[in-house]
2 protein chains.
Amino acid sequence: MPKGAQTRRAIVDDAVQVASKVGLNGLTIGQLATHTGMSKSGLFAHFQSKEALQVGVLERTREWFVADVMAPALAAPRGEPRLQVLYERWRNWVDHAFDGGCVLVAAASELDDTPGMVRDSLVRMEFDLHESIATVAAGAVREGHFRADLDVEQLAFELRGIMLAHHHAARLLRDAGAGERADQAFAALLSRARSA
Amino acid sequence: MPKGAQTRRAIVDDAVQVASKVGLNGLTIGQLATHTGMSKSGLFAHFQSKEALQVGVLERTREWFVADVMAPALAAPRGEPRLQVLYERWRNWVDHAFDGGCVLVAAASELDDTPGMVRDSLVRMEFDLHESIATVAAGAVREGHFRADLDVEQLAFELRGIMLAHHHAARLLRDAGAGERADQAFAALLSRARSA
DNA sequence: CTGATTAAAGCACGATCGTACGAGGATCGC
DNA sequence: GCGATCCTCGTACGATCGTGCTTTAATCAG
C-alpha cells in the first residue's frame, strides 16, 4: 500500500472514532489534526474538502459494518438463523465498535435536512441495509421458517426500530438493561414472523 | 408579560425551528440573530451562555410536547384509549411540529457523549416520557384492557423504537409510507399487549 | 411624570473555522 | 542512485465563533 493511502486510512480510522463522540458535523480539521499528531494542512491535503472527509468516514464505517455484521450473517445458514446472526452481530457492533455512539445513528439525525453528497452517501447505505434485512427475511420465508404472508419490509422497519431504541436507551439514558430489552423485542419480532 | 420575557420567548421559538434543521450543536448565536433580525449581542444578553440557549430550546420543546401530546392523552379515557391518543398525537407532533426533524431525536444523538446541563435536561425529559408511557400502559392493565402480566417498561421501550424508526424512515429516507408502517407496528404492539 | 431599571445595539477580543499556496523532504519507478 | 512524484509542513487568508464591555433607548414603578 502506498504511503499516502496508508496515512489517509489511519486518519479516517481516527476520524470515525472522533465522529462517534462529536458527530459528523462536530468533526473539525484542526481537532482531528491535533488528535492524529499531524499538521492541519498536511491532513487536509488528503481530502480536498471537509465534505470529502465526512464521506470518507461514512464509507469506512460501512466497510466496517459489512465486515463485522453482514459477512458473518451471510456465512450463516439461510433463513431464520441468518437473521439471528445478523441481529446479534449488529447489536454487538453498535455496542462495541465505537468510542461514542454509532456514527450512522448520529449522522441520520444530523443530515436529515442537509442536502449534499454526505447525506446521499448515508441514505444509500441505510437504504441498502434495509434491503438486505428484507432480503434475509424473505429467505426465511422461502425456507419455511417464517409464514408465507410475512411483510418483510415491515419486519425490516421494526427491526430498525429495535436497534434505534436500543441505542437510545443504552447511550443516552445509560440504561444497563437496554440490551436485554432489545433481545426481548427481537424475540417477539421473530415469534410474530413465524406465525400470525 | 414583561418585554424581556416576551422577546426571549420569541427567540427561543425561532431557535427551536432552526435547531430542528441544524441540530442543537449547529445552533449559532450569529445565525439566530440574523434569523430573528436582532443584533448578536442583543440576543446573547437574554441568555448568558450558549448552553443556556440550548437548554431553553429543550425546555420549550418540552412545553410544546406536553401541550400537544400529553395533555390530550390525559384528557382521553384511561386505559388503551389513552395510549392510542398518546400514540396518534405523538406521531402527528413529530411529523408536523418542526420545520426539520424532531429536536429531541436529533439532540439524543448529539448529546449522548457530551456531559453538561444540556444533556442532563434532555435525559430528564426522555426519562419522564418513558415513565409516562409505562404509567399509561399500567393503567390499561388495571382497566383490564391489557393482560395482567404485561411488562409495561418493555412496551415503552418498543413504542420508543417505533417512533424512532418512523422518524428515521420519514425524515432521512423520505419514505412516504413510514407513517403507515408505524401505525401497523403500533397495532401489532397493542395486539400483543392484549393477549400473550 | 420622573427616576430607576432593563432591553438592545455597537464594537472589540482572541480563538478557531475551512481552505489555499508554496517550499522542503521523503518515497518510489526505473 | 537518480529524477519525478508525492507527502507533509509552515504560513496565511477571511469568516465566524462565543463572549465581554459600554452606551443609548425603551420600559416600568411610584
Side-chain angles (χ1 to χ4, degrees), chain A residues 1-16 18-19 21-60 106-107 110-111 113-119 121, chain B residues 1-16 18-19 21-60 106-107 110-111 113-119 121:
Chain A
M1 176 154 52
K3 178 78 186 311
Q6 193 175 328
T7 311
R8 190 193 148 108
R9 149 92 34 137
I11 294 172
V12 173
D13 281 354
D14 254 14
V16 168
V18 173
K21 291 190 186 170
V22 300
L24 267 190
N25 290 337
L27 264 186
T28 280
I29 312 275
Q31 281 179 336
L32 192 56
T34 303
H35 191 270
T36 58
M38 288 185 66
S39 73
K40 206 167 65 141
S41 51
L43 188 149
F44 181 79
H46 285 274
F47 317 88
Q48 280 71 34
S49 70
K50 186 183 176 179
E51 251 198 334
L53 167 64
Q54 293 172 316
V55 171
V57 167
L58 286 182
E59 289 289 336
R60 187 82 183 91
E110 288 182 286
L111 301 175
D113 289 296
T114 310
M117 71 171 112
V118 188
R119 184 183 195 281
S121 172
Chain B
M1 176 156 51
K3 179 76 188 309
Q6 193 176 330
T7 312
R8 190 192 147 109
R9 150 90 36 132
I11 294 171
V12 173
D13 281 354
D14 254 15
V16 169
V18 173
K21 290 189 186 171
V22 301
L24 267 190
N25 290 336
L27 264 187
T28 281
I29 313 275
Q31 281 179 337
L32 192 56
T34 303
H35 191 269
T36 58
M38 288 185 67
S39 74
K40 208 167 63 142
S41 51
L43 189 150
F44 181 78
H46 285 273
F47 318 88
Q48 279 71 36
S49 69
K50 185 182 176 179
E51 250 197 336
L53 167 64
Q54 293 172 318
V55 171
V57 167
L58 286 183
E59 290 291 333
R60 188 82 182 92
E110 287 183 285
L111 301 176
D113 289 295
T114 309
M117 70 171 114
V118 187
R119 184 183 194 281
S121 172

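Just so it is clear: chains get the letters A, B, ... in the order the sequence lines come, proteins before strands, and each one is counted from 1.
- For B:Ser41, no side-chain nitrogen or oxygen approaches OP1 or OP2 of D:dC21 to under 4.0 Å.
- Between the C1' atom of D:dG18 and the CG atom of B:Leu32 lies a distance of 13 Å, rounded to the nearest Å.
- Heavy-atom distances to DNA chain D give each of A:Lys3 and B:Lys3 a nearest nucleotide, and the one nearer the 5′ end belongs to A:Lys3.
- As rounded to whole Å, 14 Å separates atom P of D:dC17 from atom CD of B:Gln54.
- Within 4.0 Å (heavy atoms only), A:Leu53 reaches no atom of the nucleic acid at all.
- Rounded to whole Å, atom C1' of C:dC13 lies 11 Å from atom NZ of B:Lys40.
- Of all heavy-atom pairs between B:Glu59 and B:Ser121, the closest is OE2-OG, 3.7 Å.
- Toward the 5' end of DNA chain D, the nearer of the two residues B:Gln31 and B:Pro2, judged by each one's closest nucleotide, is B:Gln31.
- Across the protein-nucleic acid pair, B:Glu51 atom CD and D:dT19 atom C1' stand 14 Å apart, rounded to whole Å.
- The interatomic distance linking A:Phe44 (CZ) with D:dA12 (P) rounds to 19 Å, in whole Å.
- At whole-Å resolution of the value, CG in A:Leu43 and C1' in C:dT19 are 13 Å apart.
- The phosphate of C:dA7 (OP1 or OP2) has no side-chain N or O of B:Thr7 nearer than 4.0 angstrom.
- Inter-residue side-chain proximity for A:Leu24 and A:Leu58 is flagged as met; some heavy-atom pair is nearer than 4.5 Å.
- Spacing between atom CD1 of A:Ile29 and atom P of C:dC17 amounts to 9 Å, rounded to whole angstrom units.
- The side chain of A:His46 places no N or O atom within less than 4.0 Å of a non-bridging phosphate oxygen (OP1 or OP2) of D:dC7.
- Applying the 6.0 Å contact sphere to NZ of A:Lys21 captures no more than 12 heavy atoms from other residues, nucleotides or ligands.
- Nucleotide C:dA26 has D:dT5 as its partner under the Watson-Crick or G-U criteria, with both atom distances under 3.5 Å.
- When heavy atoms are screened at a 4.0 angstrom cut-off, A:Ala45 is found touching base atoms of the nucleic acid.
- Taking only side-chain atoms of B:Lys50, from C-beta outward, the nucleotide of D:dT8, C:dA8, D:dG18 with the closest atom is D:dG18.
- Between B:Ile11 and B:Leu43 there is a side-chain heavy-atom pair separated by less than 4.5 Å.
- Contact annotation for B:Ile11: no contact, since no heavy-atom pair falls under 4.0 Å across all strands.
- Proximity of A:Thr28 to the phosphate of C:dC17: a side-chain N or O atom is located under 4.0 Å from OP1 or OP2.
- A:His46 has its side chain out of reach of A:Leu53: every pair of non-hydrogen atoms, C-beta onward, lies at least 4.5 Å apart.
- The CD atom of B:Gln48 sits 14 Å away from the C1' atom of C:dA8 (whole-angstrom rounding).
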